[in-house]
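To start, the structure itself, in structure tokens.
Lettering follows sequence order; numbering is per chain, from 1.
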Protein chains: 2
Amino acid sequence: MSETQNDTFVTGYLLYLLAASSEQASAQFHDHVRARGLRVPEWRVLACLVDNDGMMITRLARLSLMEQSRMTRIVDQMDARGLVSRVADSNDKRRVRVRLTAEGRDLAEALVKDARRHETRLLSALADTDAARIKGVLRTLLDVLDRPDAT
Amino acid sequence: MSETQNDTFVTGYLLYLLAASSEQASAQFHDHVRARGLRVPEWRVLACLVDNDGMMITRLARLSLMEQSRMTRIVDQMDARGLVSRVADSNDKRRVRVRLTAEGRDLAEALVKDARRHETRLLSALADTDAARIKGVLRTLLDVLDRPDAT
DNA sequence: TCGATTTATATGATTTTTCATATTTTCAGC
DNA sequence: GCTGAAAATATGAAAAATCATATAAATCGA
């Protein structure tokens, strides 16, 4: 007798599929990140800063999918550790610009390289049609969610 | 001058797209869940149990995407609150079967109904082709991730 | 059938994350 | 140039989540 019975709802529910695939797809790479001595939120910060160094805390938080107060502390710790430094914005004194240090940049670039490799492997495990579609579909979903309706 | 500059990596990275779309797609419904007086993990437990009442803690944890020790405590609290009850498994005394109470079932069924409505709205905001593809693509990804290779 | 291993759950201690709110600076309208 | 609102960041206290490990029951092999 199979233990798995009629999984009528959860298993086919869009939000479950999204959460589960995000979770599982990330698990492997997140292990790698931790093996490199970083926590996942720190890796996210580094990745954002490689794209666009000197982001302010708020924007970094939005992009890294975390709360502002949390980002403040993450940046504190990364600063203390020498991966980033806080720079006052001359135009707007409220803002804190976060910049990669040389060490931070090296680590960030190495990890981005690893991430790209990992992504390639992941995509190549999918059938061509799925691999070709997945990012487009997700981007569309994100676009729709940005528009203030969709509930 | 646009604040958004050359987002070369993060914005197009599969794991980011997955995390961000999961996060954002869920945000609205999770607010609804909290408005109904539940935390997200509790909602997940209820949803699992509607599909398959009497699941054991370990399986519930896997399906709800959380750790076992955490699930033990969530079930404690839901039990204390009268939403579920713990039932000893007669065949295997290590196991704890978690069953919905009448109250738990009512709440669970109401929320599943809400979730279905929300999902429908979400899908209808996508173009037909995307709506038709998204679940399939995610399921494929999950399948691939289950197979022990794909790194 | 004994002992070693694995599986299922529980729990104390710690770390992470959130929540509410304070502080500082900018901005908008008058 | 004031005044009130909004934006950016920080921080204490609380809640949630993780980690390591304990306990207990089942299973597998010699």
Side-chain angles (χ1 to χ4, degrees), chain A residues 1 3-4 19 22-23 26-27 30-31 33-35 37-45 48-49 52 54-81 84-99, chain B residues 1 3-4 19 22-24 26-27 30-31 33-35 37-45 48-49 52 54-81 83-99:
Chain A
M1 230 76 52
E3 175 70 15
T4 309
S22 175
E23 182 98 349
S26 301
H30 288 175
D31 284 346
V33 165
R34 281 183 283 261
L38 285 179
R39 291 172 302 171
V40 170
E42 294 171 328
W43 146 241
R44 288 188 169 152
V45 169
C48 289
L49 293 179
N52 189 349
M55 275 188 186
M56 46 183 279
I57 301 249
T58 307
R59 187 152 140 64
L60 215 39
R62 268 199 300 273
L63 247 184
S64 300
L65 309 173
M66 70 185 95
E67 276 213 348
Q68 172 270 315
S69 71
R70 178 148 173 54
M71 180 56 76
T72 290
R73 291 185 237 246
I74 300 267
V75 168
D76 281 351
Q77 294 159 349
M78 294 178 78
D79 186 347
R81 189 169 154 190
V84 301
S85 65
R86 298 159 164 278
V87 179
D89 184 308
S90 47
N91 293 337
D92 186 338
K93 288 176 191 165
R94 293 169 304 178
R95 295 184 176 175
V96 174
R97 300 258 164 211
V98 184
R99 318 215 31 144
Chain B
M1 228 77 52
E3 176 69 14
T4 308
S22 175
E23 183 98 350
Q24 296 202 43
S26 300
H30 287 176
D31 284 347
V33 165
R34 280 183 284 262
L38 285 179
R39 291 172 302 171
V40 170
E42 295 171 327
W43 146 240
R44 288 188 168 150
V45 169
C48 289
L49 294 179
N52 189 350
M55 275 189 186
M56 48 184 276
I57 301 248
T58 306
R59 187 152 141 64
L60 215 38
R62 270 199 299 273
L63 248 185
S64 300
L65 309 173
M66 70 185 95
E67 277 214 347
Q68 173 270 314
S69 71
R70 177 147 175 56
M71 181 57 76
T72 290
R73 290 184 235 247
I74 300 268
V75 168
D76 281 351
Q77 294 160 349
M78 294 178 76
D79 186 347
R81 188 169 154 188
L83 296 174
V84 301
S85 65
R86 298 158 164 279
V87 179
D89 184 307
S90 47
N91 294 335
D92 185 338
K93 287 177 191 163
R94 295 170 305 179
R95 296 184 175 173
V96 174
R97 301 258 163 211
V98 184
R99 320 217 30 147

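One atom, CZ of B:Arg39, and another, C1' of D:dA15, lie 9 Å apart when rounded to the nearest Å. Going from atom CG of A:Leu65 over to atom P of C:dT18 covers 11 Å, rounded to whole Å. Rounded to a whole Å, the CD1 atom of B:Ile74 is 15 Å from the P atom of D:dA15. Counting to the nearest Å, the P atom of D:dA8 and the CZ atom of A:Arg86 are 16 Å from each other. Per the geometry, CD belonging to A:Glu42 stands 13 Å off C1' belonging to C:dT15, to the nearest Å. Summarising the geometry, the separation between CE on A:Met71 and C1' on D:dA7 is reported as 17 Å, rounded to the nearest angstrom. Between A:Arg97 atom CZ and D:dT9 atom C1' there is a gap of 13 Å when expressed in whole angstrom units. Between the CD atom of A:Gln77 and the P atom of D:dT11 there is a distance of 13 Å, rounded to whole Å.
Under the rule for a side chain to side chain donor-acceptor pair (under 3.5 Å), the partners of A:Thr72 that lie at least two apart in sequence or sit in another chain are A:Gln68. Here B:Arg62 pairs with nothing under the side chain to side chain donor-acceptor pair (under 3.5 Å) rule; sequence neighbours left out. Taking A:Arg73 as the reference, nothing meets the salt bridge (Lys or Arg N to Asp or Glu O under 4.0 Å) condition, with sequence neighbours excluded. When the side chain to side chain donor-acceptor pair (under 3.5 Å) test is applied to B:Arg86, the partners found at least two apart in sequence or on another chain are B:Asp76. Not counting sequence neighbours, A:Thr58 has no partner by the side chain to side chain donor-acceptor pair (under 3.5 Å) test.
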## Note on the structure
Going 5' to 3' through nucleotides 19-26 of chain D and flagging B where a protein heavy-atom sits under 4.0 Å of the base, S where only the sugar-phosphate is that close, and - otherwise, we get B-----BS

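Between A:Arg95 and D:dA10 there is no side-chain polar atom (N or O) within less than 4.0 angstrom of OP1 or OP2.
Interatomic distance, OG of A:Ser64 versus CZ of A:Arg59, reported as 10.5 Å (0.5 Å rounding).
Comparing D:dA16, D:dT9, C:dA8 by their closest approach to the side chain of B:Thr58 singles out C:dA8. Considering only side-chain atoms of B:Ile57, the nucleotide from C:dT9, C:dT16, D:dT9 that sits closest is C:dT9.
When every heavy atom of B:Ala19 is checked against every heavy atom of A:Arg44, the shortest pair comes out as CB-NH2, 3.9 Å.
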